[in-house]
Amino acid sequence: MKKSKLSRRITWRVIAIISFFNVLIVAAIVAFVFIFSLGNGSMRGQYVTDGIAGNVETMLQLAKTVTFNNRTDIEANLDSPEHVFDALEEIIKINKRLPGCFAAFEPDYFKGQGRWFEAYAYYTDSTHIESRQIGSPQHDYFNGVWYQQGLSLERDDDGFLTDLYYDDTVDSRMFCSYVVPVFDRQGRKVGVYGVDLSHELLNVTIDETMRNVKKEFYVDAQSNIAYKDDIYFSIQIIDSKGNRIAGSDSLDISMLKSEKEIVDAELDMEDLKGTPYYINAKQLGGTGWTLVVFQHRDLVFIWGEVLAVIILICMGIGYLVIFFFTTRSIRRATQPLAFLSESAQELAKGNFDASLPTFRHNDEVAQLRDSFGSMQQSLKQYMEDLKASTTEKASMERELDIAHNIQMSMLPKTFPAFPNRKDIELYAALVPAKAVGGDLYDFLIHDEKLFFCIGDVSGKGIPASLVMAVSRTLFRNVTAHTAEPDHIVETMNKSICDGNDNFMFVTLFVGVLDLQTGHLSYCNAGHDAPYVQGELLPCIPNLPIGVKPTFQYINQEADIKSGVNVFLYTDGLTEAKNADNQFFGQQRITDIVAAFEGSPQELIETMTAAVHQFVGDYEQSDDLTMLAFKIEIEQ
């Protein structure tokens with residue numbers, strides 16, 4: 001009898017404990033179902049918004065890229081309407097995804113074409129292109145928002161993307177357009193140029209996404225949610241005025257009530273006709289459009305409810321099994337930990353090939369064993385990769401050393417530079433911030449004149465070093481044919497501007513010194529003015545070379561006295577920084593040059609020592625280049 005009572009007491013105690021935790025677990029499951037369903041809905045909505053937004057923004061980026069890349073083609077063909085048509089046809093022939101492009105001009109721009117001239121090239125079908133002049137009193141584009149907004153922009157501004165509009169000028173379709181201003185050779189605005197994006201492309205993108213979502217996320221046809229009922233899942237694109245411009249029309253966003261509940265960072269809940277809808281919205285970059293994804297409450301929670309039932313059934317079965325096997329399982333599960341401990345000690349000693357025990361069951365201990373195995377293989381692979389990367393890094397450093405040697409070999413580096421001459425003493429030094437740099441200097445003598453230059457290429461590293469090499473070669477070639485500094489700089493500028501797709505430029509100072517009279521002709525292209533003893537040489541700044549091919553550079557002249565040091569440098573000297581983020585500055589240079597009376601080499605060595613003392617152990621941030629010379633004129 002006592003044994004029976006004890007059995008019942010233990011049984012009821014176990015039942016009470018299991019029941020208590022069961023209530024907690026059921027409550028946790030309900031919360032989990034809610035959170036899971038919302039998370040799944042948020043994921044689904046975010047998946048769709050990111051996918052469509054990515055496709056639409058790719059289309060818009062294509063329009064922007066085509067517009068900016070081909071504007072120069074339009075501007076280069078402003079000499080006649082026929083050439084404008086040819087340029088437009090060539091643009092859409094290359095960019096087949098665009099339905100058309102256009103160029104609209106200011107009143108009476110082309111003589112003989114009338115007040116309105118808007119050239120338009122478009123695909124009549126997938127293979128044929130047609131061009132038309134569509135400007136007219138009926139199509140008075142001067143009053144169009146797209147024209148006025150595009151004409152208000154500057155060259156460096158982003159273009160203007162219109163809202164969707166209906167255009168019956170050519171083939172009566174819905175379009176949006178991306179427009180930028182057009183400039184003539186004198187830099188005057190003469191009209192706008194733009195490309196069209198069709199409404200059909202937006203709907204095709206949305207329809208493809210809807211089909212994919214229905215395949216991935218919708219439940220089967222036996223449920224209450226049907227495949228073809230867009231009331232449960234809808235996608236719309238709304239313009240800046242709140243009008244739907246693409247997507248399903250089964251839901252009207254204007255019917256949403258003003259009050260809403262923020263569910264998480266991506267998901268809001270609003271009420272439509274008395275039914276909660278969960279909404280994901282995303283602003284499309286570069287536009288005033290908003291992408292909105294609607295999900296019916298039933299769609300959001302259906303999978304969570306199914307999951308809750310499955311989990312509860314599994315829990316009931318699991319409790320029966322756990323009650324009987326818990327004690328034996330714990331004892332058996334912990335026994336393999338001793339084997340794993342021994343293997344871990346071998347692994348800690350560096351024995352990456354140490355064998356690990358194997359287990360029949362795929363439980364946490366087995367996963368821990370697999371984790372040890374993965375860590376073992378990862379450490380082994382890491383050591384191999386470390387050896388390979390070390391070898392690769394050494395190879396790269398050797399190649400950079402070779403590039404550095406090639407670059408330095410292009411510059412004069414033998415001093416004294418002119419050992420057989422007593423009338424000129426010259427010294428120069430270049431210390432790149434990286435293995436290769438963008439500073440340059442050069443000098444040579446012919447016809448009893450010293451030709452010299454110093455420059456600084458925008459940027460650093462390999463690209464700057466290539467421009468430096470080209471600039472130095474141009475200087476050598478041009479000075480062989482002219483002794484006028486402004487001609488030298490203008491010729492170099494035109495060559496650097498030609499094909500300068502990366503918009504790199506070079507600040508440059510070029511001088512020609514008559515060694516018999518001390519007369520100096522020079523031209524400064526945006527570089528720091530040199531010092532003549534302690535005074536800055538008066539310099540008209542001009543533009544750096546590589547910026548504007550037609551820029552007219554101004555020549556200047558001065559007389560250099562015998563025995564006076566002339567000191568040139570790049571901004572790596574003034575902008576050298578120390579650990580306190582302070583610059584070396586102009587005043588320190590002035591103080592050193594004004595007080596110095598030694599040779600050019602001693603001047604550069606003194607300046608270098610001053611910079612090193614100022615900077616200390618702080619890493620060099622820019623190339624450091626200096627050139628100094630002194631002439632002795634026979635009386």
Side-chain angles (χ1 to χ4, degrees), residues 411-413 415-417 424-433 437-443 450 452-457 460 507-511 513 518-520 522-542 544 556-633:
L411 302 177
K413 59 181 180 299
F415 299 99
I424 178 70
E425 186 178 357
L426 185 147
Y427 190 78
L430 188 156
V431 181
D439 281 7
L440 72 144
Y441 68 82
D442 201 4
F443 52 84
L450 172 66
F452 63 94
C453 72
I454 188 169
D456 184 0
V457 182
K460 302 178 183 68
T507 65
L508 188 70
F509 184 93
V510 173
L513 177 66
H519 184 71
L520 174 65
Y522 61 95
C523 180
N524 183 40
H527 199 77
D528 293 305
Y531 282 89
V532 178
Q533 199 58 28
E535 300 292 334
L536 286 171
L537 186 67
C539 285
I540 299 172
N542 295 309
Q556 295 178 265
E557 297 181 353
D559 290 315
I560 304 301
K561 296 180 180 180
S562 179
V564 171
N565 275 314
V566 178
F567 178 70
L568 300 92
Y569 59 96
T570 61
D571 60 7
L573 179 60
T574 55
E575 296 177 3
K577 291 194 298 186
N578 60 15
D580 296 329
N581 210 31
Q582 296 175 332
F583 291 106
F584 189 73
Q586 194 78 44
Q587 188 58 48
R588 289 184 174 86
I589 302 174
T590 302
D591 294 342
I592 294 173
V593 175
F596 193 81
E597 297 181 354
S599 67
Q601 180 174 349
E602 292 171 340
L603 172 57
I604 290 180
E605 290 174 349
T606 300
M607 193 69 70
T608 301
V611 171
H612 288 167
Q613 182 179 2
F614 174 79
V615 170
D617 295 331
Y618 196 72
E619 182 180 2
Q620 181 180 344
S621 59
D622 198 1
D623 302 336
L624 176 60
T625 305
M626 295 176 282
L627 185 148
F629 64 83
K630 179 192 295 186
I631 62 169
E632 298 292 340
I633 303 174

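Only a predicted model underlies this, so the values are computations on that prediction, with no experimental measurement involved.
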Practice prompt. Would you indicate whether Asp559, at its atom CG, is surrounded by more than 12 heavy atoms from other residues, nucleotides or ligands within a distance under 6.0 Å?
Written response: yes
Worksheet entry | Interatomic spacing from CD1 in Ile633 to CD1 in Ile631 - rounded to 0.5 Å | 4.0 Å
Item to complete: Can you see which heavy atom on Gly455 is nearest to which on Leu508, and at what distance?
Response: CA-CD1, 4.0 Å
Practice prompt. Nearest 0.5 Å please: distance from the CZ atom of Phe452 over to the CG atom of Leu426.
Written response: 9.0 Å
Discussion item. Ignoring hydrogens, what is the shortest heavy-atom contact between Tyr441 and Pro412? Give both atom names and the distance.
Written reply: OH-O, 2.5 Å
Discussion item. Looking at every non-hydrogen atom in both residues, tell me the closest pair between Arg588 and Phe583 and how far apart they are.
Written reply: NH1-O, 3.3 Å
Discussion item. Show the nearest heavy-atom pair for residues Met626 and Met607, with the distance to one decimal.
Written reply: SD-CG, 3.6 Å
Discussion item. Is there a side-chain contact between Tyr522 and Pro530 in this structure, where contact means two heavy atoms from C-beta onward sitting under 4.5 Å apart?
Written reply: no
Worksheet item: If you measure from CD on Gln533 to CZ on Phe596, what distance do you get to the nearest 0.5 Å?
Response: 9.5 Å
Discussion item. Check the orientation of Phe614 and Phe584. Use parallel for under 30°, tilted for 30 to 60°, and perpendicular for over 60°.
Written reply: perpendicular
Worksheet item: What do you reckon, is CD of Glu575 surrounded by more than 12 foreign heavy atoms closer than 6.0 Å?
Response: yes
Item to complete: Drop me the distance from Ile454's CD1 to Phe443's CZ, to the nearest 0.5 angstrom.
Response: 11.5 Å
Practice prompt. Please determine which of Asn542, Thr507, Asp571 meets the side chain to side chain donor-acceptor pair (under 3.5 Å) test together with His527.
Written response: Thr507
Item to complete: Apply side chain to side chain contact (heavy atoms under 4.5 Å, CB included) to the pair Leu520 and Val532, showing each step before the final yes or no.
Response: CA-CA 11 Å; Leu520 174 65; Val532 178; 5.9 Å; no
Item to complete: Looking only at non-hydrogen atoms, find the nearest pair between Phe567 and Ala628 and report the distance.
Response: CD1-CB, 4.1 Å
Worksheet item: Does Gly598 offer a backbone N or O that forms a donor-acceptor pair with the side chain of Lys630 under 3.5 Å?
Response: yes
Discussion item. Quick check: do Leu627 and Thr625 have side-chain heavy atoms less than 4.5 Å from each other?
Written reply: no
Worksheet item: How far does OH of Tyr569 sit from CD of Gln586, to the nearest 0.5 angstrom?
Response: 3.5 Å
Response to the item:
Between Ile604 and Ala429, the two heavy atoms sitting closest are CG2-CB, 4.1 Å
Worksheet item: To the nearest 0.5 Å, what is the distance between CG (Leu624) and CG (Asp439)?
Response: 8.0 Å
Discussion item. When you measure from the side chain of Asp580 to the backbone of Gln582, do you find a donor-acceptor pair of N or O atoms at a distance under 3.5 Å?
Written reply: no
Worksheet item: For Asp456 and Thr570, does a side-chain donor sit closer than 3.5 Å to a side-chain acceptor?
Response: no
